[in-house]
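Worksheet: the structure to be examined is printed underneath.
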Amino acid sequence: MADDKNNGTPGDDVFDDDLPEDDRDDEDTDDLLADSADGDDADEDMDDDSEDGEEDEHFFGSDEDLYASTAEGGQRLDLNDIHGGTLKPADMAGEMRTSFIEYSMSVIVARALPDVRDGLKPVHRRILYAMNEAGITPNKPHKKSAWTVGEVIGKYHPHGDSAVYDTMVRLAQDFSMRLPLVDGHGNFGSIDGDPPAAMRYTESRLTRAAMEMLRDLDKDTVDWQPNYDESLQEPSVLPARFPNLLVNGSSGIAVGMATNIPPHSLREVVDATCMYIDNPEVSVEELMTVLPGPDFPTGGIIMGSDGIKDAYNTGRGSITVRAKAHVEQMKNNRQRIVVTEIPYQVNKGLLQEKIAALVNEKRLEGISDMRDESNRKGMRLVFDLKQGAMPQVVLNNLYKHSQLQTNFGVIDLALVDGVPRTLSLPEMLHYYVEHQVSVVTRRTEYELKKAKERAHILEGLLIAVDNIDEVVHIIRSSNSDKDAKERLEERFGLDDVQTEAILQMRLRRLTGLERQKIVDELEELRGRIAYYEDLLAHKEKILGVIKDELREISDRFGDKRRSTISDAPIELDVEDLIADEDMVITITHSGYVKRLPVATYRSQKRGGKGIQGVNLKESDFVEELFVASTHDYVLFFTNKGKVYRLKVHELPIGSRQARGSAAINFLPMVEGEHIAAVLTCRTFPSDEYLMFATKSGIVKKTAMSAYDRTRRDGIIAINLKNGDELINVRRVKAGDKIMLGSTDGKVMLFDEDQVRPMGRDTSGVRGITLKDGASMLGMEITNGKGDLFVITEKGYGKRTPVSEYPEHKRGGQGVFTITMTQRKGALVAMKVIGPQHELMIVSQEGVLIRVKATDISKLGRATQGVKVMNVADGDSVCSLARTVVKKAVAKPKDTAQGALDLAAAGASEPGEEDPVDIGGEELLDDTLIDEDDE
């Protein structure tokens, strides 16, 4: 309460210590009780909605009860204190409420929030004003900071010295202020978080930009107010000849509210202000053509303009700021990332500590060393990368996990006529222009007044010079100055001011040359008076003066934009944190999946031993092996007609010998559901199609774009009827031929254009007609070349040239591909092969055989086939996989093809026939090589 008394805060119940004791003792206690009761009534009115009012009254005792007890003859309460003052009972809740509100408003208005007109808080304003009054200006030497702090505290700001010094330090920091207002000499802190030296060691003075904030202060341009002890006057606001609130921004936390205004480029702010002056109805979009966004003193990259638009339209928004970095090449084919600018208000020292901790915790990979090479020429934070590290991936991880990317929450809150308001950009410009109109108007009125006063004096002097003999006679014949003034006023019609000037005129002014100077000065003054009067009569001319003066300041102090604005996406996709590299994906017959880098497999010369690719359980084998990028999609189609989409980098990574993880561990498949087909792709073009085949002979063609969706529990790939299952999915293109095989030994061949494109959640159309309980066993895509290999339950098979199969329209029964007998069993599998292929045949009991395609007899279409696999009684063939075997040639290490050549080992010698392009997508083929000598 003592501070409030010193500040002259109204509404505080403080006793006047200077009141005579007799006067205090004579005050009527009953009147005090009545006043107190009235006060309680007022407090109760404020608490009408409070349910605790009665309890509070019971606890403290109401004044009415107190008055009643004394009226009934009870012992009267002594309300006089030992010093002769009088105690006034008060409600504690009301007192706390009042005190807190007064404290809150004091913090809001007099401490934490800037004024919209000059963009300064009281402490900033008092520092600049005190330094200006003390003559610590740019054309004078620096002065000890301790002297300035003491001046500010003693005269204007009754708070701690550290608060004033810290504020002055920030005004001098070029990494905190876009346009510093204090010129510091000595250690004023650093962007690394180093504290400034003590105020007794540093010196300071105002900058030339600060003088523009104070310009015309002596011309009655602003209102004045008493200081805290009413011994001096201080300005309530500075003239602020440039929009400091936008140029330097502001930040502060009040009670229940906060402000955080970003800094901007002076040139751009001046251009926006001039645009607003020309068109007060200008839109935010138009303003952003000249003021695209904040411009931080530390530079950096502002990601996107959506947050800027929100802030300019509503006064609130979030701006993402990213460090500026580039990649440099080092020796030994290594690289390094060099950061030259960091986000605003980021402590570089703490930033390095955080990054070092992340590297030590293995949360940041790829960084081998970090050092700070910053100097007077600029910032340079260097990150040396490990061999093989991807610079962009490392940089993206730095953005994600460190303060190299931060969000600046904009809250454009400022005081408007002493009331805090959240302001849009046009509103801030409006109040600033209004302030400047007031400043220029008051300055013009002041200068007009001074000009008129001077002209009035010159007119009197001119009369005196023209009548100098008579004037001299009157003065010499007068008994006193008063007598002379009266006689001159009576003789020439002069007033007191003019006669005083005549009496003080020196004899040198009596020469003809001096008379001409008076005439010239008077003419000049009359011209200025006419200009001032015309200026005051036309507001548009005042606005023109404001624009001219703003552009002059912009030309003197403006510089280039430091922060760049990028349209790159703000949010970092998970793929931005993962290197785009080829991976080898293997899927076994039992449903085990894994991926591992291509570099795991090194290229070998022909005839080498190869390397162990995967340790498999007995009877299991690698059914599908392909190379895809970590950013590619993998589509898993199941027999239930669903498709699950994952990125390659989401698949489990394993060692070279591991068999991988079961698909059920990362795909939410239900009981009885298994993978029927796998495809990979990077994009989902609408002009490419997938061909589906089901067990009941249904086919469907759907654009790939229909499957560009991701759901954790999968999406419907094809609408299956009861009891039907999906058996295969392949990509098709124009001109491809579709071959459908059934268990009764028939094959149907037709062109892909026989199937019209359909939607995703559809059943398809009849591809082949099945009779007598037969079912479709497979679908192959061919270009008309190669051979069709078929095999029965009992191991009988053959290969027949595709060209021998006649082409029909979709929906027929097809033609026999093998003569069926009871001894051979039903047809179970089919594959289109070439001489470069091998076949992996598996039985129900887990027996596996690998046969070269060239070792199987090539027979006609309507033949019985030969024994391909000896199948024991009670066993039967259940599955067929196609692999590729070819002579290996020397290739560069770590290539995708080299990986495929070494992904599995132990193949036989390739066939003598040349490889044949059989058409279709062979993404799922396992590429094998011979054992070779290294």
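No side-chain heavy atom of Met199 sits less than 4.5 Å from a side-chain heavy atom of Trp147. Side-chain contact check for Arg371 versus Arg336: some heavy-atom pair is nearer than 4.5 Å. Two residues are said to be in side-chain contact when any heavy atoms from C-beta on lie closer than 4.5 Å; Phe408 and Gln345 meet this criterion. Counting heavy atoms from C-beta on, the side chains of Tyr399 and Met303 never come closer than 4.5 Å. Counting only heavy atoms from C-beta outward, the side chains of Asn244 and Asp118 never approach each other to under 4.5 Å.
Residue Ile253 places its CD1 atom among 12 or fewer non-hydrogen atoms of other residues, nucleotides or ligands, all under 6.0 Å distant. Dense packing is recorded around NZ of Lys144, with more than 12 heavy atoms of other residues, nucleotides or ligands lying under 6.0 Å away.
To the nearest 0.5 Å, atoms NZ (Lys121) and CG (Leu415) are separated by 10.5 Å. Interatomic distance, Leu206 CG to Met131 CE, rounded to the nearest 0.5 Å: 4.5 Å.
The closest side-chain donor-acceptor pair between Ser563 and Tyr344, if any, does not fall under 3.5 angstrom. Between the side chains of Thr259 and Ser250, no donor-acceptor pair is found at a separation under 3.5 Å. Side chain to side chain, Gln405 and Arg322 meet the donor-acceptor criterion of an N or O pair below 3.5 Å.
Judged by distance alone, with hydrogens and angles left aside, the side-chain atoms of Asp192 form no donor-acceptor pair with the main-chain N or O of Asp194 at under 3.5 Å. Of the possible donor and acceptor atoms, one in the side chain of Glu341 sits under 3.5 Å from a partner among the backbone N and O of Gly300. The backbone N or O of Asp412 lies less than 3.5 Å from no partner atom in the side chain of Arg421, so there is not a single donor-acceptor pair. Listed for the Asn332 side chain is no donor-acceptor partner under 3.5 Å among the backbone atoms of Arg334.
Between Arg645 and Tyr707, the closest heavy-atom pair is NH1-O, 3.8 Å.
Residues passing the ring-ring contact (aromatic ring centres under 6.0 Å, His included) test with Tyr276: none are found, sequence neighbours excluded.
Looking at Arg178 and Asp559, a side-chain N of the basic residue comes within less than 4.0 Å of a carboxylate O on the acidic one, giving a salt bridge. Salt-bridge annotation for Glu328 and Arg380: present, with a side-chain N of the basic residue lying under 4.0 Å from a carboxylate O of the acidic one. The residues Asp183 and Arg208 are annotated as not salt-bridged, no charged nitrogen and carboxylate oxygen being separated by less than 4.0 angstrom. Checked for salt-bridge contact, Arg556 and Glu212 meet the test: a charged N lies under 4.0 Å from a carboxylate O.
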